[in-house]
Amino acid sequence: MQNSILDSLNPAQRAGVEATHGPVLVIAGAGSGKTRMLTARIAHLMADKGVPGQHILAVTFTNKAAAEMRERVTRALGLDPEALTPPPFFASSAAMFSQPTIGTFHAVCARILRREIERTPFTKQFVIYDDSDQLSLVKDCFSRLGLSDKAFSPKSFQWAINSAKCSALEPHEMPAEGYDYFAKNLAKIYALYQQELFKANAVDFGEMITLTYRMLRDNADLLAKYRKLFQFIHVDEYQDTNRAQYLLVKLLAAGHRNICVVGDEDQSIYKWRGADIRNILDFEKDYPEARVVKLEQNYRSTKNIIGASSKLISNNTERKAKTLWTGNEAGSLIRRFQVSDERAEAELVVGKLKQACESEGFSFNDVAVFYRTNAQSRVFEDILRRERAPYKIVGGLRFYDRKEIKDVMAYFRVLVNPEDSVSFARVINVPQRGIGKTTVDKIDEVAVARGLTFEAAMYQAAQGQGGALSAAPRKKISEFLALIADLRGLLATKTLSEFYHELLDRTRYVQELKVENTEESAARIENLQELSSTITEFESGAGAEERPALETLPVFLENVALVGERAEEDQGVAGSVSLMTLHMSKGLEFPLVFMVGMEEGLFPSVRGDDGGSDEDIEEERRLCYVGMTRAMKQLYMSHAVCRRLYGNILYNEPARFFGEIPGEFIEFKDLARFNRGGVSGYARDEGDDDGAECSYSHAPVGPASALGAGSSQIGRPGGSQIGRRVRHSVYGEGVIRGVEGGSSDAAKVTVEFSGRMTKKFILKFANLEYLS
DNA sequence: TAGCTTGTATTTTTT
DNA sequence: ATACAAGCTA
């Protein structure tokens, strides 16, 4: 019995599994079987060490990772497939944590909060605000404070608030020094935002973590209870934890110190959303007695891919020494291509992948295209469609982010939580019922002036109190309130599915869409039907077919907020090519990978005027490392000489990363016939004829070539390059002497006019006319 | 109030 | 290029 779990492991994995007590740091290189190790560890604890399941906690970052872990633990233990599926929230309190708790940080916190919410300022009807709800609330606070300044957008404050929450900072802890307008107002707006959250009885994603943390920190009895419950703690992707998550885990583990964290600092690519790489780098400082296990054998990729990516990542300084190796075959060389523009790039990629699928034994399912920004996907979609190659975009617009779905969810939430002002504002005029902005503003005024919830303010406004609302809008609001009251009444008698149809009917939502009668409205109706089946599915999954919506709806809402979309099954036998950003690729693997748009400025992306700090570049390099190590058999990397992005044309240098990959791992072909003048005349190469491609042993690399620093940015056909003649509306004719600044916004050109007068312009505003 | 026009911003994304 | 939001007129 003992052997069946341990046998399939290599010595390092086994060491991680058997170190059951005390702190353990597992440095898990890409493709080194970390999930296998983690699941074996949990199974080992339960089956061999006799640890009751409920004492085990494993936190992940995504639902997908949690589901996979659950499934694999189930299999390792030979349990019933559903055995570890967490019971729905309306299950008895005792059942809530009767199994190993395997879930995302947010799901685990939600469970704890649902159970202990009376220890917080919120009530049990609390709802979870997503990103856009949050932004609406920030906007409210924004205008309430009279911050109409154009200098800072509500979005930037939303971002700053979330950063603060990631760092577990409360409003009063915000540095409020007076110089900076932004900093000065941040503390204020953050404080107001928190107050409004509380009033709306809503919790945002960041708050779920910090609220749980503060609740446990401040309630000794609760802390003791959960320390006793979670005696063996596991954290996956530890390099991605933010400060708040770090504090929470540390707090829970402080007694028994049975904490096993697994991660890879080389795959830390979420600094921009609060991940703190120091959490993993300093683990041994937090737990000096920690055992450190390194998983260095890669089971995924060829020797060439491992060799190349290892060399690349060794250019980073913020990392622990680690040597990834593989027993796999050498495989073919990585193939690097230079093409003339993004269209040629797409043609090349699609040509190569079709060939691979038609004659090299790959299937479309095996193929992935990774890009740095979503905007790059379009060309690939065009060409793939034209060539009739099936594809899917991974991580595009999510189902629950669609307008119509969000509208319905807002109705749902308003019914469950009457204090939810954001959702009220969303649905009050959807479908249009003649309640416009002015009316809503007036209700808002009433709410603020009298300290009422939005709904209470509506009641008062409808009765003509406190506001200058005339008869017509008052009547409309009364009707709306009656609708809400009716719907609430139905919750007790209908099942959720029945109720959903009543809601669509009584709000006339679908009817209005039918009247629109456009392609778009038809798609929306279809989505609403999709939601109907999702609800039915949810009901049967939760065993709630018979329960009234009153009970089911809150659970459904929670599920939607935390789990979101269920993974869509692959359509078609042949499968489809996956298109995604490099960030989305983390954790996945594909036999054949194309990394595209590998150009300075785009990838590595350089933003800000510092031209990209070392830290930023290191994160971009990790992103490159993540992308490369997704490839199992064959890896293509490409860059274009010239690229259209956001309506202007960029001439970018090849990514510096090419200079960091030794020639023994990579071959280079130039399909662009690089033309100095930037004038047209690139060879139109359909791709496969090797005879027509020029190969270089010394391939051009990085930002250090003919154009000088970084990349150049161009505003018109032809483009601005050093030496180019231009006309300026004020200064007349001149010659471009310098180009700097990679990002399209900050790009500057130096132009020399007659009489050796030189002027520097921000290209965006210069409005230069290009002369031949 | 609502539709239209103009302006502006536009890495990366989970929960 | 483009999408989305704020501002302006019917």
Side-chain angles (χ1 to χ4, degrees), chain A residues 59-66 103-110 128-136 139 142-143 148 150 153-156 159 162 165-166 203-209 237 240-242 244-245 268-275 342 370-379 394-398 400-401 403 429 432-441 470 472-473 476 558-565 580-587 597 601-608 612 616 619-620 622-624 626-627 643-649 742-746 764:
Chain A
V59 264
T60 63
F61 276 86
T62 65
N63 290 299
K64 204 172 151 206
T104 62
F105 268 102
H106 296 271
V108 171
C109 287
I128 296 169
Y129 270 4
D130 70 13
D131 242 33
S132 62
D133 303 320
Q134 179 178 235
L135 184 58
S136 305
K139 279 180 181 165
F142 205 73
S143 54
S148 54
K150 300 275 194 272
S153 59
K155 259 208 174 112
S156 62
W159 195 84
N162 283 333
K165 291 194 177 196
C166 286
V203 172
D204 64 41
F205 285 123
E207 192 67 24
M208 296 184 72
I209 312 290
E237 307 277 17
D240 286 339
T241 49
N242 61 36
Q245 291 161 334
S268 168
I269 55 174
Y270 287 112
K271 183 183 164 197
W272 51 274
R273 70 181 197 208
E342 76 277 357
F370 302 157
Y371 35 77
R372 179 65 233 265
T373 72
N374 288 116
Q376 289 167 259
S377 73
R378 200 178 201 126
V379 218
V394 176
L397 185 62
R398 284 184 304 258
Y400 288 102
D401 283 342
K403 252 195 213 95
N429 200 29
Q432 288 194 354
R433 42 176 81 87
I435 305 175
K437 193 179 173 304
T438 356
T439 310
V440 173
D441 282 348
S470 50
K476 285 170 182 159
E558 190 99 341
N559 193 60
V560 168
L562 294 176
V563 182
E565 194 166 6
M580 70 190 85
T581 62
L582 283 152
H583 282 89
M584 286 300 296
S585 78
K586 192 162 88 145
L602 219 210
F603 182 42
S605 148
V606 223
R607 77 129 189 236
D616 292 343
E619 179 131 327
E620 295 290 312
R622 290 193 288 266
L623 194 53
C624 186
V626 165
R643 171 179 303 274
R644 204 175 284 272
L645 193 66
Y646 301 135
N648 37 36
I649 296 168
S743 93
S744 53
D745 284 341
K764 202 168 116 187

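Below, chains carry the letters A, B, ... as their sequence lines are ordered, and counting in each starts from 1.
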From the set [options], return the single nucleotide nearest to any side-chain atom of [X].
X         : options                   : value
Leu562(A) : dT15(B), dA2(B), dT13(B)  : dT15(B)
Thr62(A)  : dA6(C), dT14(B), dT12(B)  : dT14(B)
Thr439(A) : dT1(B), dT11(B), dT14(B)  : dT1(B)
Thr104(A) : dA2(B), dT14(B), dT15(B)  : dT15(B)
Arg372(A) : dT12(B), dT1(B), dT10(B)  : dT12(B)
Asn374(A) : dT15(B), dT12(B), dT11(B) : dT12(B)

Legend entry - Backbone N/O of Asp130(A) and side chain of Asp133(A): donor-acceptor pair under 3.5 Å: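 Yes, Asp133(A) side chain to Asp130(A) backbone: donor-acceptor pair under 3.5 Å.
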Short side-chain N/O contact from [X] to OP1 or OP2 of [N], under 4.0 Å:
X         : N       : value
Tyr646(A) : dT11(B) : yes
Gln432(A) : dA2(B)  : yes
Arg398(A) : dT14(B) : yes

Inset, instruction - State whether the number of non-hydrogen atoms from other residues, nucleotides or ligands found under 6.0 Å of Arg644(A) atom CZ is greater than 12. - result: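 Open.
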Inset, instruction - Determine the minimum heavy-atom distance between Cys109(A) and Ile209(A), stating which atoms define it. - result: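 It is SG-CD1, 4.0 Å.
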Legend entry - Pair Asp240(A) + Lys586(A): basic N to acidic O under 4.0 Å: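 A salt bridge is present here (some side-chain N lies under 4.0 Å from a carboxylate O).
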Inset, instruction - Return the stacking result for dT12(B) and Trp272(A): yes when the ring centres lie under 5.5 Å apart and the planes under 30°, no otherwise. - result: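 Trp272(A) vs dT12(B): stacking yes.
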Legend entry - hbond_proxy Thr373(A) side chain to dT11(B) base (donor-acceptor, 3.5 Å cutoff):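 Flag unset: no donor-acceptor pair detected.
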Inset, instruction - Could you state the atom-to-atom distance from NE2 of His106(A) to C1' of dT15(B) in whole Å? - result: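 One finds 4 Å between C1' of dT15(B) and NE2 of His106(A), rounded.
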Inset, instruction - Could you tell me whether Asp204(A) contacts a base, only the sugar-phosphate backbone, or nothing, with contacts defined as non-hydrogen atoms closer than 4.0 Å? - result: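 Since no nucleic acid heavy atom lies under 4.0 Å of Asp204(A), the category is nothing.
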